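The block underneath contains the structure these notes are about, expressed in structure tokens.
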Amino acid sequence: MILVLCGTQDKEFKRLLINLEKYNQNKKEKIIVQAGHTKYRSKYLEIYDFFDKNKLDNLYNQANVIITHGGVGSIMQAIKNNKPTIACPRLKKYQEHTNDHQLQIVNEFSKRGFIIPYYEDDDIEKLLQKAKTFKSKKFISNNEEFRKKLIMEIDKF
Amino acid sequence: MKKKVMFIASTGGHLNELLMLKKIFTNYDYSLITEYDKTTKNLTNHFRNVDYLVYGTKDHLFSYIFKFSYNILKSFLLFLKYRPKVIVTTGTHTAVPICYIAKIFGTKIVYIETFANIKTKTLAGKIIYPIADLFIVQWEEMLKEYPKAKFWGWIY
């Protein structure tokens, strides 16, 4: 099962779904989409708007591949679940986001070996092939360190 | 007596980052403030002292002006309700009114610039930086943008 995440922001990301629909017309793979505020219907994709946390966690667990917009939360959850992740940044020029920070994120994460980037003119079929053998760099959490520092600082106030 | 700490963030990614700190919430007499939407309405099942501001973004400028005004008023009421000694926020605009209101009353402001911005400042970051008692960045390059900030690495 391929899990597709469009994020929760109130901007559409039809471009990703149009490409996926084209891909799946002949393949008929199981593709579950969390479309958020993107209004799109397709007989080749199972499209939902939002999932609650438990349902979403289960889907991340069950998926073989994750295709996500360039949102940090979605990418991080995919990496932590150790799934091959393809990240497609929302672009300002298509009014998919208010700026291009997703492009920065996707570039940075790709550089560090965590994800496969899906840029505008890339072929999703080729990327999905790549995902079959993609070994993501192991993610080492900094969260505990961060929390410790914060507790120390709050104590000083 | 536990210190009163208010945790506040906009819905979506910013809240996601803030909730990475949830393990420390119970160290304090905490409150959790975010915007109300489909994804946040069940927070009350998992956390105590959850309150909501109205969801709005500057992309819909006309309605945003009304929503932001309402949020300023509500922020003031929330400040009076919880009287936090410290506010910890990951942004973005949602937190601006209450940080300024609380600062006047001597509350300490901790601002964590979002993980999502590797090279550029957020608007809320720019606005709160001058009044922050502790300003944290997650990417080293951001120290160039915020010289007085502390670089702590990823919140994740």
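A note on names: the letters A, B, ... follow the listed sequences, proteins ahead of strands, and every chain is numbered from 1. These figures come from a predicted structure and were not determined experimentally.
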Against chain B, label [X] side chain, backbone, both or neither, depending on which of its atoms sit under 4.5 Å from a heavy atom there.
X: A:Phe51; value: neither
X: A:Phe157; value: both
X: A:Asp49; value: side chain
X: A:Leu150; value: both
X: A:Thr98; value: side chain
X: A:Glu153; value: side chain

Quick check: is [Y] connected to [X] through a chain of hydrophobic side chains (ILVMFWY, heavy atoms under 4.5 Å apart)?
X: A:Ile67; Y: A:Val106; result: no
X: A:Ile86; Y: A:Tyr23; result: yes
X: A:Leu16; Y: A:Val72; result: no
X: A:Phe50; Y: A:Ile47; result: no
X: A:Ile105; Y: A:Leu103; result: yes

Can you find a heavy atom in the side chain of [X] that is under 4.5 Å from one in the side chain of [Y]?
X: A:Phe146; Y: B:Met20; result: no
X: A:Thr8; Y: B:Thr11; result: no
X: B:Tyr156; Y: A:Lys80; result: yes

Straight-line distance of [X] [atom1] to [Y] [atom2], nearest 0.5 Å:
X: A:Lys156; Y: B:Asp133; atom1: NZ; atom2: CG; value: 12.5 Å
X: B:Thr120; Y: A:Asn99; atom1: OG1; atom2: CG; value: 6.0 Å
X: B:Ile24; Y: A:Glu144; atom1: CD1; atom2: CD; value: 12.5 Å

Do other residues, nucleotides or ligands put more than 12 heavy atoms under 6.0 Å from [X] [atom1]?
X: B:Phe66; atom1: CZ; value: no
X: A:Lys55; atom1: NZ; value: no
X: B:Lys85; atom1: NZ; value: no
X: A:Lys28; atom1: NZ; value: yes
X: B:Tyr70; atom1: OH; value: no

| query | Counting heavy-atom pairs under 4.5 Å to chain B, which of A:Arg147, A:Glu108, A:Lys11 comes out on top? | reply | A:Arg147
| task | Taking all non-hydrogen atoms of both residues into account, name the closest pair between A:Asp155 and B:Lys3 and its distance. | result | O-NZ, 3.5 Å
So does [Y] get a backbone contact from the side chain of [X], meaning a donor-acceptor N/O pair under 3.5 Å?
X: B:Asn117; Y: A:His101; answer: no
X: A:Gln104; Y: B:Lys119; answer: yes
X: A:Asn142; Y: B:Trp154; answer: yes

| said: Pair B:Phe115, A:Phe109 - check ring-ring contact (aromatic ring centres under 6.0 Å, His included), show working. | reply: CA-CA 12 Å; B:Phe115 177 82; A:Phe109 271 68; 5.7 Å; yes
| query | Is a salt bridge present between A:Asp52 and B:Lys38, judged by a nitrogen-to-oxygen distance below 4.0 Å? | reply | no
| task | Under 4.5 Å, counting heavy-atom pairs only, tell me which of B:Asn16, B:Ile155, B:Val86 racks up the most with chain A. | result | B:Ile155
